[in-house]
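The chain is numbered in sequence order, starting from 1. Whatever order the structure lists them in is the order used to number ligands and atoms, beginning at 1. Just so you know, these numbers use all the heavy atoms, side chains as well, and skip hydrogens, waters and symmetry mates.
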Amino acid sequence: MLTIHSEDHRLHHGAAEFYRGRLVPCFEMPSRADQVLDAVRGAGLGPIVAPDRFDRSALTRVHTEDFVAFLETAWDEWSALGETGDALPYAWPAADLRQDVPPDHIDGKLGFYAIDAAVPITAGTWAAVRSSADCALTGARHLTRGAHSAFALCRPPGHHAGARAMGGFCYLNNAAIAAQYLRDHGAARVAVLDVDYHHGNGTQAIFYDRGDVFFASLHGDPRQEYPFFLGHADERGSGAGLGANVNYPLPWGTTGADYLAALDCAIADIAAFGPDSVVISLGVDTFAEDPISHFKLRADDFTAIGQRIASLGRPTLFVMEGGYAVADIGGNVTAVLTGFSG
Ligand SMILES: [Zn+2]
């Protein structure tokens, strides 16, 4: 299996995030990708290549023009204030506030284009984000050229980013951008399966009213878990997309056996949809030792996840999402990938 990886991910390294009333070091850190890359090498998974550079228009197929423009210039606008620390939002257009008038000031823009404060913007963030999307796009291009699988080692991750919003360590939605690329290059139907611990709210929202991209997610129940405001079982899609969205919210403490039973259901949903290709939002924060999550999966369970995905028998792009038990992230990711490859 080909792995696509860019050293540009190091350009994004937020100093701190809010966690339960305290500023703590960002859980989403460069060593995550280093550990995964080492494990890919150690497992002999296959060649590792740098991403191709794609046109900006591949991004605006799923993100709004104004949002991409915001990401491109946010650091410059922030640093023009004389600030040298990370740019972070502190006010959001929540209930009873206007969501239709973008502010001019960068403090307002940061909240307008974010769902939370877990999205520090640094001097190198845009370059890293752009290269992360290029990794996903290069993997998608690899599939369109006949490959059966690829692994886009994306960092920063993407599945919490919506068409017009960053959040949860995510800026551009790499999986959604890749799925759209596959649609634009020969695949009539694409399925996105999100196995990250957290609901892929951004991906769901991007494709919610479309019948050509199926979205299935297994995740911590939003009644208990971030992102809290999307990911319930009754969200089935709308309009042409009705029936093309399926959520499996699971309680804290979910074991590997319970998880794999739900995954079997999601796999059956996807098989019934009949996609030409599959995109996996591959988070391994379902791991029992993950510092911010509450499922109980072990290493063997990740192998089983890969085997079940392989049972679909479709060209498959794996896109790296979450996983914060840094010492174990590489082994858990390669367990999924080698499980898939057999
Ligand atoms: Zn996650």
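- With a cut-off of 2.8 Å, the Zn ion (ligand 1) has an N, O or S atom of D285 in range.
- Open room surrounds CZ on R61; 12 or fewer heavy atoms of other groups in view lie less than 6.0 Å from it.
- Listed here is the closest heavy atom pair of A187 and D276: C-OD2, 3.7 Å.
- When distances to the Zn ion (ligand 1) are checked against a cut-off of 2.8 Å, H198 contributes an N, O or S atom below that limit.
- The name of the N, O or S atom in D196 nearest to the Zn ion (ligand 1) is OD1.
- Shown here is R53, whose CZ atom has more than 12 heavy atoms of other residues, nucleotides or ligands within 6.0 Å.
- Centroid-to-centroid, the aromatic rings of H63 and Y113 stay 6.0 Å apart or farther.
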